[in-house]
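These notes concern the structure reproduced below.
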Amino acid sequence: MVSAIHNNLQRVREKLADAVRKSGRNDEDVRLVAVTKTYPVEDILEAVRCGVVSIGDNRVQELSEKRSLWSGPSIEWRFIGHLQGNKVRKVLEFASTVDSLDSLSLARALSRVAEEKKMRLPVLIEVNTSGEESKHGTAPSDAAPLLESVMKECPALQVEGLMTVGPLTDDEAEVRRAFALLRGIRDSLSGAFGLRLKELSMGMSGDYEWAVDEGSTMVRIGSAIFGKRT
Ligand SMILES: *Cc1c(COP(=O)(O)O)cnc(C)c1O
């Protein structure tokens, strides 16, 4: 029997491919990260059977439980949630990237532990592009000083780009504005620091088509694949 996850993934991939084509980009320019918070390991296994290679989770405890139960093939586990300094060690046991770097103190802690583990940790800087107080991320104007300090003080971190969560609204123009802002910040940081910063992680179940059109290289999709969270 074909699973709901299989069908949902097929639909998401078709819409994603349409959006990629319409924006004049190539399929390989945009990666799909399946976001698995609240969904069980069996659902992750099914998604992986259907070709998913990249998983995002935003809760430390949940990620570590799922990782200890994981018997599937080797895949990429991205940490995408707010992270406290005292959880860094635990996260780096399980995650291969941290996409939600939002402060220098967190960067220092990540770099210290990564160095101990002799790993180079890919990270994305999370920017609060909507100004909503409930959102994590550095303010747009703080992104440059944060990047500068990370480059100076955190040798084990490799900043590969930026991440944002779009505003919680159906207003297309407002959502697009936030994504365009992230792209603009990336372009100006790239120029100022002579870095490539190739990744723009933006777009979730409700807004990934707009995000792709605004230059997203990585969409993070949960409920459109796994069903409504309860
Ligand atoms: C939950 C979550 C997602 C996925 O949200 P959906 O609307 O279910 O697609 C993406 N990014 C982050 C940071 C999340 O916490």
Side-chain angles (χ1 to χ4, degrees), residues 4-5 7-16 19 30-41 43-44 46-48 50 52-66 75-84 87 91 94-103 106 110 122-138 143 160-172 174-176 178-179 181-182 199-230:
I5 290 174
N7 288 336
N8 291 343
L9 257 172
Q10 195 165 351
R11 201 161 34 237
V12 166
R13 286 195 175 113
E14 279 165 14
K15 286 170 73 174
L16 189 57
V30 186
R31 272 189 285 163
L32 171 65
V33 177
V35 176
T36 58
K37 62 169 179 255
T38 75
Y39 307 109
V41 162
D43 288 1
I44 307 179
E46 176 58 12
V48 169
C50 298
V52 163
V53 293
S54 197
I55 294 294
D57 217 304
N58 65 345
R59 297 172 183 180
V60 179
Q61 190 54 34
E62 218 184 297
L63 176 66
S64 86
E65 280 163 18
K66 286 174 186 166
I75 49 173
E76 177 183 65
W77 299 77
R78 311 186 71 97
F79 190 77
I80 62 171
H82 184 59
L83 182 56
Q84 282 154 352
K87 302 272 176 69
V91 159
F94 303 110
S96 38
T97 74
V98 172
D99 294 351
S100 42
L101 180 65
D102 59 1
S103 73
L106 176 60
L110 286 167
V123 296
L124 304 181
I125 292 179
E126 181 175 0
V127 181
N128 182 346
T129 52
S130 66
E132 289 173 8
E133 260 177 49
S134 59
K135 296 269 193 314
H136 295 291
T138 179
E160 299 200 321
L162 307 179
M163 185 272 246
T164 199
V165 176
L168 192 63
T169 168
D170 293 333
D171 182 344
E172 177 173 350
E174 193 180 332
V175 175
R176 281 181 178 267
F179 294 152
L181 175 60
L182 194 73
E199 303 294 356
L200 287 176
S201 175
M202 55 190 198
M204 316 192 342
S205 291
D207 55 20
Y208 64 93
E209 290 161 287
W210 301 331
V212 165
D213 198 42
E214 298 295 343
S216 174
T217 63
M218 204 184 285
V219 292
R220 309 179 308 268
I221 301 186
S223 50
I225 297 173
F226 298 106
K228 244 190 164 43
R229 273 182 296 272
T230 45

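Atoms within a ligand are numbered from 1 in the order they appear, just like the ligands themselves.
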* What's the shortest distance from atom 2 (C) of ligand 1 to any protein heavy atom, and which residue and atom give it? -> Lys37 NZ, 2.5 Å
* From NE2 (His136) to CG (Leu101), nearest 0.5 Å -> 13.5 Å
* **Protein heavy-atom partner closest to atom 10 (C) of ligand 1 - residue, atom, separation in Å** => Met204 SD, 3.3 Å
* ligand 1 and Ala224, any nitrogen or oxygen pair closer than 3.5 angstrom? -> no
* atom 11 (N) of ligand 1: nearest protein contact (heavy atom, Å) -> Arg220 NE, 2.9 Å
* Side-chain touch Asp207/Phe179, heavy atoms, less than 4.5 angstrom -> yes
* Atom indices of ligand 1, in the order listed, that fall short of 4.0 Å to a heavy atom of Asn58 -> 15 (O)
* Asked: Closest non-hydrogen protein atom to atom 12 (C) of ligand 1, residue and atom name please, with distance?
  -> Ile80 CD1, 3.6 Å
* To do: Please could you name the atoms of ligand 1 that Ile221 approaches to less than 4.0 Å, counting only its heavy atoms?
  => 9 (O)
* To do: Please examine the side chains of Ser100 and His82, heavy atoms only from C-beta on, and report whether any two atoms are closer than 4.5 Å.
  => no
* Asked: Taking only heavy atoms of Gly222, which atoms of ligand 1 are found under 4.0 Å from at least one of them?
  -> 4 (C), 6 (P), 8 (O), 9 (O)
* Asked: Hey, what do you get for CE (Met202) to CH2 (Trp210), rounding to the nearest 0.5 Å?
  -> 13.0 Å
* Asked: So which of Arg78, Lys66, Lys37 actually passes salt bridge (Lys or Arg N to Asp or Glu O under 4.0 Å) with Asp57?
  -> Lys66
* Who's the nearest protein heavy-atom neighbour of atom 9 (O) of ligand 1, and how far? -> Ser205 OG, 2.5 Å
* Considering only the protein, which heavy-atom contact is closest to atom 8 (O) of ligand 1, and what is its distance? -> Ser223 N, 2.8 Å
* To do: Flag the pair Tyr39 / Ser223 as yes when at least one side-chain heavy-atom distance between them is below 4.5 Å, and no otherwise.
  => yes
* Any ion pair linking Glu126 and Lys135 (charged N to carboxylate O, less than 4.0 Å)? -> no
